[in-house]
Amino acid sequence: MITKVLSVGGSIVAPEKPDTAFLTAFSAMVKEWLEADKERRLILVVGGGAPARIYQTACREVFAGVENNACDWIGIMATRLNAQLVKAIFGDLCREDVVTNPSEANVFTGRILLAAGWKPGFSTDNDAVLLAEKFNADTVVNLSNIEKVYTDDPRKNPDAKPIDSISWADFCAMVGEEWEPGKNCPFDPIASKKAREMGLKVICAGGKNIANIRAILDGSDFVGTIIG
């Protein structure tokens, strides 16, 4: 069985509200890819997006002393809502409940497995890495609102350069070692450390380009950054 893991950023699924145009095109592409080979299956790990950030910001505005743990739980619940939406869209292709604890995910009988946030201190990137290890996937595709990893934030630094490939050592030095709720980075530090230990390859790519996602799944030429 060929197992691929897609970590679908919440900013792709629900940038302000659920993006039905994207979900329609994405689900059609996934179904077509699965239909082309019965030995294929897909793990989709869904992020929190706007609902997570909006509710976390509201909490901090009302109570400036809120702990990171509480904000993390807010984000986790947003990921579960988004994942439940995506699971419903794929219908009978998803037989199992949404995975909320990757360490206990032992059954994958359908063609698609949906996963969401687990517990404070970890992002859905980490869940994707743990599920890749559990179900013997050698690559995680991280889909977000950026097409490539940059040397710096291109929105703040006009001299930031896109990166085609980067080693785990250099990437980990760039993103640091600590996770914060709502932290915006290409792949979170905790997940990066685990992926580095596993020798896992991570591809960061734009989540809105359906044709490019299909190219990645097919092993064809694509636009993105390879970390590994």
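These numbers come from the heavy atoms of this one structure, side chains and all, not from hydrogens, waters or symmetry mates.
A donor-acceptor contact shorter than 3.5 Å links the side chain of Asn212 to the backbone of Val223. At distances below 3.5 Å, at least one donor-acceptor pair connects side-chain atoms of Arg111 with backbone N or O atoms of Arg40. The main-chain N or O of Gly48 is found under 3.5 Å from a side-chain atom of Asn82 such that the two form a donor-acceptor pair. Of the possible donor and acceptor atoms, one in the side chain of Lys161 sits under 3.5 Å from a partner among the backbone N and O of Asp159. Distance alone, capped at 3.5 Å, places no donor-acceptor pair between the Ser7 side chain and the Ala128 backbone. Side chain of Arg80 to main chain of Gly117: a donor-acceptor pair is present (N/O by atom type, distance under 3.5 Å, no hydrogens or angles). Using a distance-only test at 3.5 Å, with no hydrogens or angles considered, no donor-acceptor pair links the side chain of Thr79 to the main chain of Gly47. Between the side chain of Asp72 and the backbone N or O of Gly121 there is at least one donor-acceptor pair closer than 3.5 Å. Put simply, the side chain of Asp125 gets close to the backbone of Asp188: a donor and an acceptor are under 3.5 Å apart. Using modelled atom types, no side-chain atom of Thr57 and backbone atom of Ile54 make a donor-acceptor pair closer than 3.5 Å.
Under the 4.5 Å side-chain heavy-atom criterion for ILVMFWY residues, no single connected hydrophobic cluster contains both Leu131 and Val30. Leu85 is not connected to Met77 by any chain of hydrophobic side-chain contacts under 4.5 Å among Ile, Leu, Val, Met, Phe, Trp and Tyr, and they are in different clusters. With hydrophobic clusters built from ILVMFWY side chains whose heavy atoms lie under 4.5 angstrom apart, Phe26 does not share a cluster with Val45. The hydrophobic cluster containing Leu81 does not contain Val98, counting ILVMFWY residues as joined when their side-chain heavy atoms lie under 4.5 angstrom apart, directly or transitively. Under a hydrophobic-cluster definition in which Ile, Leu, Val, Met, Phe, Trp and Tyr are linked whenever side-chain heavy atoms come within less than 4.5 Å, directly or via other members, Val141 and Leu34 are assigned to the same cluster.
Proximity of Val175 to Phe187: side-chain heavy atoms (C-beta onward) are nowhere separated by under 4.5 Å. Annotation: side chain of Thr124 is not in contact with side chain of Val46 (no heavy-atom distance under 4.5 Å). The side-chain heavy atoms of Pro120 and Ile76, taken from C-beta on, include a pair separated by under 4.5 Å. Within the 4.5 Å cutoff, the side chain of Met29 has heavy atoms near those of the Leu217 side chain. Counting heavy atoms from C-beta on, the side chains of Asn142 and Ile203 never come closer than 4.5 Å. Proximity of Leu42 to Leu6: side-chain heavy atoms (C-beta onward) are separated by under 4.5 Å at one or more points. Residues Glu35 and Glu32 have side chains not in contact (no heavy-atom distance under 4.5 Å, counting atoms from C-beta outward). At a threshold of 4.5 Å between non-hydrogen side-chain atoms, the residues Asp19 and Ile12 do not count as touching.
The shortest non-hydrogen separation linking Ala195 to Val129 is N-CG1, 4.0 Å. Pairing each heavy atom of Ile227 with each of Cys204, the nearest pair is CD1-SG, 3.8 Å. Residues Phe122 and Asn126 approach most closely at CD2-ND2, 3.0 Å, considering heavy atoms. The heavy-atom pair separating Gly206 from Ile213 by the smallest distance is O-CG1, 4.2 Å. For the residue pair Ile166 and Met174, the shortest heavy atom distance occurs at CD1-CE, 4.1 Å.
Once rounded to the nearest 0.5 Å, the distance linking CD of Glu133 with CG of Leu200 reads 9.0 Å. Separating the OG atom in Ser11 from the CZ atom in Arg53 is a distance of 6.0 Å, to the nearest 0.5 Å. The line from CZ of Arg60 to CG of Asn68 is 6.5 Å long, rounded to the nearest 0.5 Å. Rounded to the nearest 0.5 Å, atoms CZ (Phe222) and CD1 (Ile216) are 5.5 Å apart. To the nearest 0.5 Å, the span separating CG on Leu23 from CD1 on Ile89 amounts to 4.5 Å. A distance of 6.0 Å separates CD in Gln56 from CD1 in Ile74, rounded to the nearest 0.5 Å.
No more than 12 heavy atoms of other residues, nucleotides or ligands lie within 6.0 Å of CG in Asp92, so this atom counts as exposed by the packing criterion. Open room surrounds NZ on Lys201; 12 or fewer heavy atoms of other groups in view lie less than 6.0 Å from it. Within a 6.0 Å sphere centred on CG of Asp221, heavy atoms belonging to other residues, nucleotides or ligands number 12 at most. Enclosure of atom CD in Glu67 is not indicated, since only 12 or fewer non-hydrogen atoms of other residues, nucleotides or ligands lie within 6.0 angstrom. By the neighbour-count criterion of 12 heavy atoms within 6.0 Å, atom NZ of Lys148 is densely surrounded, having more than that number from other residues, nucleotides or ligands. For Phe108, the CZ atom counts as densely surrounded, since its 6.0 Å shell holds more than 12 non-hydrogen atoms of other residues, nucleotides or ligands.
The pair Glu96-Lys87 does not meet the salt-bridge criterion, since no charged nitrogen lies less than 4.0 angstrom from a carboxylate oxygen.
Judged by distance alone, the side chains of Asn145 and Lys208 never bring a donor and an acceptor atom under 3.5 Å apart. Defined by atom type and a distance below 3.5 Å, a donor-acceptor pair is missing between the side-chain atoms of Asp127 and Trp118.
For Phe171, the ring-ring contact (aromatic ring centres under 6.0 Å, His included) criterion is met by Trp168, not counting sequence neighbours.
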Salt bridge (charged side-chain N to carboxylate O under 4.0 Å, His left out) between Asp218 and Arg214: does it pass, once the steps are laid out?
CA-CA 6 Å; Asp218 286 339; Arg214 177 62 189 263; 2.9 Å; yes
